[in-house]
Amino acid sequence: MTRSLFTFIRPLLALTVLGASIIHATPVSQAAEAEPVFTHFTSKADPNVGLRFVSDSGVCETTPGVHQMSGYIDVSQPGANMSMAGFCACPLLNGGPGCSSMVGLFQENGPCQVNSDGATTVLNPFRFVGPYMSGSVILTAFYISWNNVSNMIYIDQPIGAGFSFGTDTVNSTQSAAPIVWQAFQVLFESQAFAQYQSREFILATESYGGHYGPEFVTFFDQQNTLINSGKLKGELVTVSALMINNGWYDPLIQNKAYLDFATNAPGYGPLQSASVLKKMNQSYFESGGCLEQEQACYAAGTGTNSNTICRNADDFCSENLFSPAVGNRDPDDLRQSSSASFPPEFYVKFLQSKTIMTKIGAGAKYQECPDAPFELFSKTGDDARTLLPQLGALVNSGLKVLIWAGDADINCNWLGGHASVLAMNWTGAAQLANTPFTNMTINGSPVAAVQNVDNFSFARVYAAGHEVWIVLAMGHILRPAAVLIASFGFLANLTFASPAFDVVQTTPALTRFSSTNNANVSLRFVSDSGVCESTPGVHQMSGYIDVGTNMSMWFWFFESRETPETAPFTLWLNGGPGCSSMIGLFQENGPCKVNADGATTVLNPFSWNNISNMIYIDQPIGTGFSFGTDTVNSTQSAAPFVWQAFQILFESKAFAKYQSREFIFATESYGGHYGPAFVTYFDQQNTLIKKGKLRGELVTVSALMINNGWYDPLIQNKAYLDFATDAPGYGQLQPDDVLQQMNESFFQAGGCKDQELACYAAGTGPESNTICGNADDFCIDNLFVPAVGDRDSDDLRQNSSASFPPEFYVKFLRQQTIMTQIGAEHRYSECPDAPFELFTRTGDDARTLLPQLGALANSKLKMLIWAGDADINCNWLGGHASVLAMKWYGAERLARTPFKNMTINGEAVAAIQNVDNFSFARVYQAGHEVPAFQPQAAFEIFKQIINKQQLHSVTVKK
């Protein structure tokens, strides 16, 4: 049989086998690289089936004397289709369908974990990792390798998953089973594995294993019956126990459980808003909804139309139940956002290393969860079919079965898993329904709620996600998955000796405050973490403002370095929409800058907290460190949440003293929308409070500063053409043919101008979202994009791979030690997609805030509109044209006021205009983030504004 590099006659299953051991924590040995020696075996029963593997590679399992094998099972597919999963022998199968079992090996229960360098490993006797923040609880973790107590095999199936490669025809759970059975035929026939055939065989799996487990064991039993009756020649594959964690068993029941879990996740509370839950309820119960479509799928059986019926049901239920239940959380761990960082993916880089591949005998590049196997399953609607009858029959047969789930998983949540087993048809069903949960403890600490009925056990594992690992939380509570699943008797209380090392976990002291005006609003923060601001005696606070149910808004406050007891109070907001204000803190005007190592900081001499108390807030929810349910889809809907934040801040003892200070609202970029709308909303609420129509705290803004803002899309989209034609001080940015096309795109019938005018005319009518969204898309594609070309949109002097300002701070904020110190409870995300996408649905970017801005100027609010002159994105020409178009009492005077230079020590730093309370500044040689490019000039401008001065030249000490 000939093979080429890219064409294989037989599909190949990847396998890794590990012997049982008592493991000691030692580093991975660095053996000299050599070509591995393969052992080959061909089945006598089927010459198309074979086995080839390398032995004792020294990768991952480095315990002296512990044997390991890794390589390929060549399986034939006589009319069979292969499905995806991970498998354990004790076989362990991950789910998907189509996900590699290396997930289980390296992230869950294997002999080693890969370090953050992606190149080295450490053994798992008691492997400590963390800390990781989970809500208000600091989580750390221990991993215990299951090959402490069992011989383990991990199989990548179906073909195409993980390291497996070749032709994959598996499109259902049923068609996957024969291929996995065939794998064990050649394994148990071979001399290398024959010794394990008579051992206790535990099939352990997770996730889509709720399909795999029942179907595979049922198929194995059927084959065993044929072999025992002499109707089939083959090797017995006798499973003695089945373990499934966070499994997908019955879609009809578990899709309903998304609604139940989102309504109230036990121990965590509601996950979504009432409006989302109402829509989910309708989607499930309405005519033609998820319930009816799933029932139609079940009724269709395996008939000719069943694939289409079941696929449609799966698509509908996923979109209308699963997706809204998850929202912007991590589906596998509700305590993390969609940008979850735990468990880490370091192992993928490790397995894709050519050196490692050579050592273990891998013949294809590793893919964790490739699309191709999953797509085959989706075509048959396999995900919408139930495996509950098979599971019930196995329990009824006396097979030892454990169904267990981490209670922080949304994806295959424990409520759905428990409801499924309660619906199983078996002799112990009534007894299970009447059996109360009891706590399983380890060293006296509860780790799971359990039920035991004869051979069946159910466990809800506390504070664990989809991949139930060993978690240490709220002290030293050990949650060892290895113990739960290796138990053949009842799940019971256990006592373990302490690990061979001490775990020291310092939890920052949290100050908590709950509003007396609003039961759903509260505050929690740590004080004086010492992170970033290290000036002696300068106070800081960082933490969360809970502005509603499951809405945690991140803030970081720094006291003024000078006279904090009288200094103003300044709010800084970055734009986006959906970008974190940590950008401003670390790249622009905060107390420190992060060094290139991403681990250390240096004080910023031009920090704005030199002269003002500063607070930086990540909004809307989902931005930066903020997390929870985000319902904000427009500038207008964002304002009440920020107002709510200041209600609890000023109500609290910690911040009440700042309420009477001068309040400076400083923002940039999309702040051209935020600033006018938020200050207008604050003023409206103040009026209601003063009239006694509303109970609340006054939030009185004394100055508004917006740099490089987005105020009026009609004017500023035209400015892209003007700026690209001649950027003052820099010249023409784009060639004539591009400029001509931009000109046509703006002025032609149905072009940017017409569409923006239509958006303005639509107001907030029912069609306005679509009209404004289309206008925004058109103008971006045809004005903004060509104006930028291959330059950096935020600094025309750099190309699109701009390196300034550097992003060192992101690595810094993602360090677990830093997160712990500052009280951050989820992984930092600078400008996540989810908040931005909500704004795009309403076309918010295409709407003007110029009327509100003009009204504020007319009220004589102190105001600065300023811009770096090298920014294309929100360029100064567009900003200046916008303020010239404002309707306010000083409009004509502003138009007649010439620019003059503002100098610092005689050097020109900006071109300025002043009219009473209003100032405009074009800052020379600065990009979008002005304080990053011109820190001294930005600081002097800020100083003059908070002192209520017009902009002017200064001489400062060097």
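Just so you know, residue 1 is the first one in the sequence shown, and it goes up from there.
- Thr427 pairs by the side-chain hydrogen bond (donor to acceptor under 3.5 Å, both in side chains) definition with Asn396, not counting sequence neighbours.
- Residues Asn320 and Cys290 fail the side-chain proximity criterion, which asks for heavy atoms closer than 4.5 Å.
- Shown here are the side-chain hydrogen bond (donor to acceptor under 3.5 Å, both in side chains) partners of Thr516, two or more places apart in sequence or in another chain: Glu651.
- Considering all non-hydrogen atoms of both residues, Thr629 and Ser273 come closest at CG2-N, 4.1 Å.
- For the pair Ser323 (side chain) and Ser318 (backbone), a donor-acceptor distance under 3.5 Å is present.
- Between the His826 side chain and the Gly624 main chain, a donor and an acceptor come within less than 3.5 Å of each other.
- By the side-chain hydrogen bond (donor to acceptor under 3.5 Å, both in side chains) test, Ser207 is found to be paired with His466, residues two or more places apart in sequence or in another chain being considered.
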Report, one line per pair, each donor and acceptor closer than 3.5 Å where one atom sits in a side chain of residues 246-259; sequence neighbours left out.
unit_1: Asn246; atom_1: OD1; unit_2: Gly406; atom_2: N; d: 2.9
unit_1: Asn246; atom_1: ND2; unit_2: Gly406; atom_2: O; d: 3.4
unit_1: Asn246; atom_1: ND2; unit_2: Asp409; atom_2: OD2; d: 2.9
unit_1: Asn246; atom_1: ND2; unit_2: Cys412; atom_2: O; d: 3.4
unit_1: Trp248; atom_1: NE1; unit_2: Asp383; atom_2: O; d: 2.8
unit_1: Trp248; atom_1: NE1; unit_2: Asp383; atom_2: OD1; d: 3.4
unit_1: Tyr249; atom_1: OH; unit_2: Gly247; atom_2: N; d: 3.4
unit_1: Asp250; atom_1: OD1; unit_2: Leu252; atom_2: N; d: 3.3
unit_1: Asp250; atom_1: OD1; unit_2: Ile253; atom_2: N; d: 3.0
unit_1: Asp250; atom_1: OD1; unit_2: Tyr298; atom_2: OH; d: 3.1
unit_1: Asp250; atom_1: OD2; unit_2: Tyr298; atom_2: OH; d: 3.4
unit_1: Asp250; atom_1: OD2; unit_2: Thr386; atom_2: OG1; d: 2.7
unit_1: Gln254; atom_1: OE1; unit_2: Tyr249; atom_2: N; d: 2.6
unit_1: Gln254; atom_1: OE1; unit_2: Asp250; atom_2: N; d: 2.9
unit_1: Gln254; atom_1: NE2; unit_2: Gly247; atom_2: O; d: 3.0
unit_1: Asn255; atom_1: ND2; unit_2: Pro251; atom_2: O; d: 3.0
unit_1: Lys256; atom_1: NZ; unit_2: Asp260; atom_2: OD1; d: 2.7
unit_1: Lys256; atom_1: NZ; unit_2: Asp260; atom_2: OD2; d: 3.1
unit_1: Tyr258; atom_1: OH; unit_2: Asn411; atom_2: O; d: 2.6

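- Not counting sequence neighbours, the partners of Arg460 by the salt bridge (Lys or Arg N to Asp or Glu O under 4.0 Å) test are Asp407.
- With hydrogens and angles disregarded, a donor-acceptor distance shorter than 3.5 Å links the side chain of Gln293 to the backbone of Gly288.
- Asn434 approaches Pro436 most closely through the heavy-atom pair O-CD, 3.4 Å.
- Residues Val395 and Met424 have side chains in contact (heavy-atom distance under 4.5 Å, counting atoms from C-beta outward).
- Asn455 and Lys400 get closest at one heavy-atom pair: O-CD, 3.2 Å.
- Within 6.0 Å of CG in Asn264 there are more than 12 heavy atoms belonging to other residues, nucleotides or ligands.
- Residues Leu334 and Ala265 approach most closely at CD2-CB, 4.2 Å, considering heavy atoms.
- Every residue meeting the ring-ring contact (aromatic ring centres under 6.0 Å, His included) condition with Phe437, not counting sequence neighbours, appears here in chain and number order: His418.
- In this structure, Gln336 contributes its side chain and Asp330 its backbone to no donor-acceptor pair below 3.5 Å.
- Val521 has its side chain within reach of Gln644: a pair of non-hydrogen atoms, C-beta onward, lies under 4.5 Å apart.
- Evaluation of the ring-ring contact (aromatic ring centres under 6.0 Å, His included) rule for Trp554 yields Tyr544, Phe625 as partners, not counting sequence neighbours.
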- Please lay out, stage by stage, how Ser337 and Asn328 fare under the test side-chain contact (heavy atoms from CB on, under 4.5 Å). CA-CA 6 Å; Ser337 72; Asn328 63 355; over 6 Å; no

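- Taking the six-membered ring where tryptophan is involved, the planes of Phe525 and Phe555 are perpendicular, since the angle between them exceeds 60° and thus also 30°.
- The line from CG of Leu391 to CG of Leu399 is 9.5 Å long, rounded to the nearest 0.5 Å.
- The list of salt bridge (charged side-chain N to carboxylate O under 4.0 Å, His left out) pairs with a residue in residues 291-307, not counting sequence neighbours, is empty.
- Within the model, atoms SG of Cys772 and CG of Asp844 stand 9.0 Å from one another, a figure rounded to the nearest 0.5 Å.
- Inter-residue side-chain proximity for Glu368 and Met102 is flagged as unmet; no heavy-atom pair is nearer than 4.5 Å.
- Here Phe261 pairs with nothing under the ring-ring contact (aromatic ring centres under 6.0 Å, His included) rule; sequence neighbours left out.
- In this view, Thr842 satisfies the side-chain hydrogen bond (donor to acceptor under 3.5 Å, both in side chains) rule with no residue, not counting sequence neighbours.
- Rounding to the nearest 0.5 Å places CD of Gln431 at 10.0 Å from CG of Asn452.
- Asp546 and Ser552 make their closest contact through OD1-OG, 2.7 Å (heavy atoms, listed as atom of the first residue, atom of the second, distance).
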- Message: Set out, in order, the CA-CA distance, both residues' side-chain angles and the distance that settles side-chain contact (heavy atoms from CB on, under 4.5 Å) for Ile410 and Tyr268, then state yes or no.
- Response: CA-CA 11 Å; Ile410 305 173; Tyr268 303 98; over 6 Å; no

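- Around the CD atom of Gln282, the shell of radius 6.0 Å holds more than 12 heavy atoms that belong to other residues, nucleotides or ligands.
- The closest donor-acceptor contact from the side chain of Asp382 to the backbone of Thr173 lies under 3.5 Å.
- Take Ser306 and apply the side-chain contact (heavy atoms from CB on, under 4.5 Å) test, not counting sequence neighbours, and it matches Ala300, Arg385.
- Atom CG of Asn517 sits in a crowded spot, with more than 12 heavy atoms from other residues, nucleotides or ligands closer than 6.0 Å.
- Taking CZ from Phe641 and CE from Met551, the interatomic distance works out to 4.0 Å, rounded to the nearest 0.5 Å.
- Atoms CD and CZ, on Gln816 and Arg827 in that order, are 9.0 Å from each other to the nearest 0.5 Å.
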- Message: One pair to check against side-chain contact (heavy atoms from CB on, under 4.5 Å): Arg841 and Asn769. What are the steps and the verdict?
- Response: CA-CA 7 Å; Arg841 294 175 188 175; Asn769 290 354; over 6 Å; no

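- Residues Ser626 and Pro620 approach most closely at CB-O, 4.3 Å, considering heavy atoms.
- Partners of Ser637 according to the side-chain contact (heavy atoms from CB on, under 4.5 Å) rule, which considers only residues two or more places apart in sequence or in another chain, are Val632, Asn633, Ser634.
- Note that CG of Leu277 and CD of Gln272 are 7.0 Å apart. Values are rounded to the nearest 0.5 Å.
- Looking at Asp618 and Tyr828, their side chains never bring a donor and an acceptor atom within 3.5 Å of each other.
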- Derivation of the side-chain contact (heavy atoms from CB on, under 4.5 Å) call for Leu432 and Trp426: CA-CA 10 Å; Leu432 179 66; Trp426 67 295; 4.3 Å; yes

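- In terms of modelled atom types and a separation under 3.5 Å, the side chain of Asp314 and the main chain of Arg311 share no donor-acceptor contact.
- Between the side chain of Asp454 and the backbone N or O of Phe456, no donor-acceptor pair lies under 3.5 Å.
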